[in-house]
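Let me begin by presenting the structure, written as structure tokens, before commenting on it.
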Amino acid sequence: MVLRQAAASALAGVTLAGALAASPASAATPAARDSADDPVNRVVAISVDGLNPQAIRVLGRARTPSFHRLMRRGATTLNARTAREQTRTLPNHASMMTGRRIDPRRGGHGVTFNSDTGTTVHRAAGRRVASVFDVVHGAGGSTALFAAKPKFALYARSWRAAIDRFTVDTDNARLVRRVTSELRRAPRTFTFVHLSLPDQAGHARGFMSAAYLRAVRRTDRLLGQIMGTLRARPALRRHTLLVLTADHGGRGASHDRASKPANFRVPFMVRGPGVAAGRNLYALNRDIDSPGSARTRYRGPQPIRNGDLADLVTDVLDLPRVPGSRFNARRTLDVFG
Ligand SMILES: [Zn+2]
């Protein structure tokens, strides 16, 4: 794969040393390595803001056909976790992009706030914080961030050189049309899509309310459009990994209390070439303990977290891990079986 050679030259030095340590076989003879993720050369990540996975159960297959199709064809769980510290939007998306926890005194990314104040992640952390965009872009790949909330400008500002396209559109349907149009025309190596309908309905009318469930159904249709676009083109279908998760859930008026299961429980869904179809991710990953209903700490056995996304992406693209990442930093999360 061309990207691998680009990775070797662009990331020569410290990060390549990391890659060598992580995967000696691939570093010695990259082209000869044969693994389940070899067909994957691009990733589309979708984060559904405020998606309580219970909504997918309540609505069922008839009313959320795309989420259920993703579960039938992919490796998934409805019992992943947010970062422990907070169940809010900007901190958890920063975790998805960096693979870090939140608390900057403990190696976290430092995005402890939930509105864009014009700062950068690096200033918030007090040091430079690398992202999955840096790794993909540094290896010669192209990247895009599509967001339904303007405050995602925080990330575009922070990783300006590594995000080739940043598009904000608060109209979710129009945002998805922009995504599918780019996927058809000139797909990126890594595309991150943020959708916001459930969170908006939740704040207006209550999380898990009838209005909220309607927003999840609308999101299911938008997900169907993205999945349909990937399916319709062999070049995309055969080589694209789709990952879907959420920044937090919610029940009732809010999602702010990080100790509530309805807030910290999120979906984590993966589908693509070679992905173990219809498998539960905890059943597939015997060494990762299902957390049950526990909130989980950072010590001891780790659950699958939304922040596993960053290094799942680097793993399937055969790139070095995101420098400084903690979640899934050893790339133990297996989606292929
Ligand atoms: Zn919210």
Side-chain angles (χ1 to χ4, degrees), residues 45-56 58-59 64 67 78-98 101-103 108-119 121 124 145-156 158 166-176 192-220 222-223 244-269 295 305-307 309:
I46 302 174
S47 170
V48 182
D49 201 316
L51 178 59
N52 180 337
Q54 186 63 23
I56 298 170
V58 168
L59 289 166
T64 44
F67 282 113
L78 298 179
N79 196 24
R81 290 289 178 272
T82 62
R84 177 182 161 82
E85 298 99 318
Q86 289 193 41
T87 49
R88 297 194 300 163
T89 297
L90 284 185
N92 271 280
H93 282 91
S95 290
M96 293 177 211
M97 295 172 188
T98 65
R101 60 179 292 180
I102 296 170
D103 188 344
H109 51 64
V111 180
T112 57
F113 45 90
N114 197 30
S115 55
D116 181 24
T117 58
T119 188
V121 177
L145 171 58
F146 292 87
K149 287 181 175 174
K151 64 184 175 184
F152 275 57
L154 166 68
Y155 311 121
S158 299
F166 173 54
T167 297
V168 173
D169 196 328
T170 55
D171 179 330
N172 279 242
R174 198 167 54 202
L175 182 72
V176 167
F192 192 108
V193 183
H194 163 254
L195 302 176
S196 66
L197 293 174
D199 188 67
Q200 286 170 287
H203 286 293
R205 311 281 294 279
F207 287 79
M208 295 301 290
S209 66
Y212 173 89
L213 294 176
R214 280 196 296 277
V216 174
R217 292 179 69 178
R218 283 176 65 197
T219 303
D220 185 86
L222 299 177
L223 171 63
L244 182 143
T245 187
D247 52 351
H248 55 76
R251 183 183 298 280
S254 176
H255 54 75
D256 282 346
R257 271 182 49 203
S259 59
K260 280 179 65 179
N263 298 340
F264 63 59
R265 189 179 270 148
V266 290
F268 199 96
M269 305 182 167
R295 181 182 176 189
R305 291 191 194 272
N306 53 10
L309 192 152

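All ligand and atom numbering here is 1-based and tracks the order in the structure. For reference, positions follow the sequence shown, starting with 1.
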For the side chain of Asp220 and the backbone of Val216, is there at least one donor-acceptor N/O pair under 3.5 Å apart? no
As a test of understanding, state which of Asp256, Asn306, Asp49 forms a side chain to side chain donor-acceptor pair (under 3.5 Å) with His248. Asp49
What's the separation between atom OG1 in Thr219 and atom CG in Leu195, rounded to the nearest 0.5 Å? 6.0 Å
The side chain to side chain donor-acceptor pair (under 3.5 Å) partner of His255 among Thr82, Asn52, Asn263, Asp199 is Asp199
Quick one: how many protein N/O/S atoms are under 2.8 Å away from the Zn ion (ligand 1)? 4
Sub-4.5 Å side-chain heavy-atom contact between Val168 and Lys149: no
Parallel, tilted or perpendicular for Phe152 and His93, by the 30°/60° rule? perpendicular
